[in-house]
Every structure is written in structure tokens, then in C-alpha cells.
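Working notes, structure below.
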Amino acid sequence: MSFPESFFFPNTVKVRDYRAGGGLGGSYGEPRTLPAEVIDVQELVRNAAGQEVVSSTRVTVHLDANVPLGSLVTVWSQQLGAERESEVLRVGRDENPPPLPSHLILWLK
């Protein structure tokens, strides 16, 4: 049995990949649109420095999306007044056998 992509990824997000820089700091790439699942939920997660921080949104995208830590993700751009852009605090992988898609889990600030 196969499922349509919209079953697992009913939303879309815009991602601006973080690009590490030298002494002047990093920058962000051009926005790209990805199919996603967006869930607004407050969770306590550990960031790259090992500190406990609160994440306000969890986003799931395809595994091959390769979203770097520190990227900016815009959620709810289709809904008037709900659009917001947040930094990726943590990235996790969930690899599954078919027909389930493997995906990245992004915890946003």
C-alpha cells in the first residue's frame, strides 16, 4: 500500500539554509519550499551546545532535504497572520523501511 505525499507532509515550509562563515559569521541562502508536516508544540530539547532550550514547533521534512542546524524555517505561510520564521535548534533523523518515508525532524525556536 502506498500513501500520497500529502498524507505524511500536508503542509509546506520555506527554508533558508544556514551557511557557516569565517570571522564575520554565517549567512543564509535563498528560500526553498519543501513539503512538510508542521506541529506547534512546546518541547524541551537540547541544542548543539547541550543546553536545554524550549522548542515551539516541530517540523518534519524529507530526509534528502538536508536542512542544516541554524537554518531559518518559515511556517504557516499559507495562513494569514500565522506566518513566522524560526531558527532550527536541533535536527534529528528518522529512517524507516518503505512504504513509510524516512525524514528529518526539525525543532524550531
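Separation of atoms CG (Asn47) and CZ (Arg90) is listed at 10.5 Å; rounding is to 0.5 Å. One finds the CG atom of Leu108 at 10.5 Å from the CD atom of Glu85 (value rounded to the nearest 0.5 Å). Rounded to the nearest 0.5 Å, atoms CZ (Arg16) and CZ (Arg32) are 12.5 Å apart. One finds the CG atom of Asp94 at 7.0 Å from the OG atom of Ser102 (value rounded to the nearest 0.5 Å). Taking CG of Asp17 as the reference point, atom OG of Ser27 lies at 10.5 Å (rounded to 0.5 Å).
Sorted by first and then second residue, the ring-ring contact (aromatic ring centres under 6.0 Å, His included) pairs involving residues 32-56 (not counting sequence neighbours) form an empty list.
At a threshold of 4.5 Å between non-hydrogen side-chain atoms, the residues Val73 and Val88 count as touching. At a threshold of 4.5 Å between non-hydrogen side-chain atoms, the residues Ile105 and Val59 do not count as touching. In this structure, the side chains of His103 and Leu63 stay at 4.5 Å or more apart for every pair of heavy atoms.
Side-chain atoms of Thr12 do not come within 3.5 Å of backbone N or O of Leu34 as any donor-acceptor pair. For the pair Thr60 (side chain) and Ala36 (backbone), a donor-acceptor distance under 3.5 Å is absent. Looking only at distances, a side-chain donor or acceptor of Ser56 sits under 3.5 Å from a matching main-chain atom of Lys109.
Leu89 and Val15 are assigned to two separate hydrophobic clusters, defined by single-linkage of ILVMFWY side chains at heavy-atom distances under 4.5 Å. In this structure, Val13 is a member of the same hydrophobic cluster as Trp76, with clusters built from ILVMFWY side-chain heavy atoms closer than 4.5 Å. Residues Val91 and Val67 share a single hydrophobic cluster, defined by chaining ILVMFWY side chains whose heavy atoms lie under 4.5 Å apart.
For CD of Glu95, the number of neighbouring non-hydrogen atoms (other residues, nucleotides, ligands) closer than 6.0 Å is greater than 12.
When all heavy atoms of Pro68 and Tyr18 are compared, the closest pair comes out as CG-O, 3.9 Å.
With sequence neighbours excluded, no residue satisfies side chain to side chain donor-acceptor pair (under 3.5 Å) with Glu30. Thr74 is linked by a side chain to side chain donor-acceptor pair (under 3.5 Å) to nothing, counting only residues two or more places apart in sequence or in another chain. Scanning for side chain to side chain donor-acceptor pair (under 3.5 Å) contacts around Arg84 gives Asp40, Thr57, with sequence neighbours left out. Scanning for side chain to side chain donor-acceptor pair (under 3.5 Å) contacts around Glu43 gives Arg58, Trp107, with sequence neighbours left out.
Grouped by direct or indirect side-chain proximity (heavy atoms under 4.5 Å, Ile/Leu/Val/Met/Phe/Trp/Tyr only), Leu44 sits with Val54.
Note on ring orientation: taking the six-membered ring where Trp is involved, the planes of His62 and Phe9 are tilted (angle from 30° to 60°).
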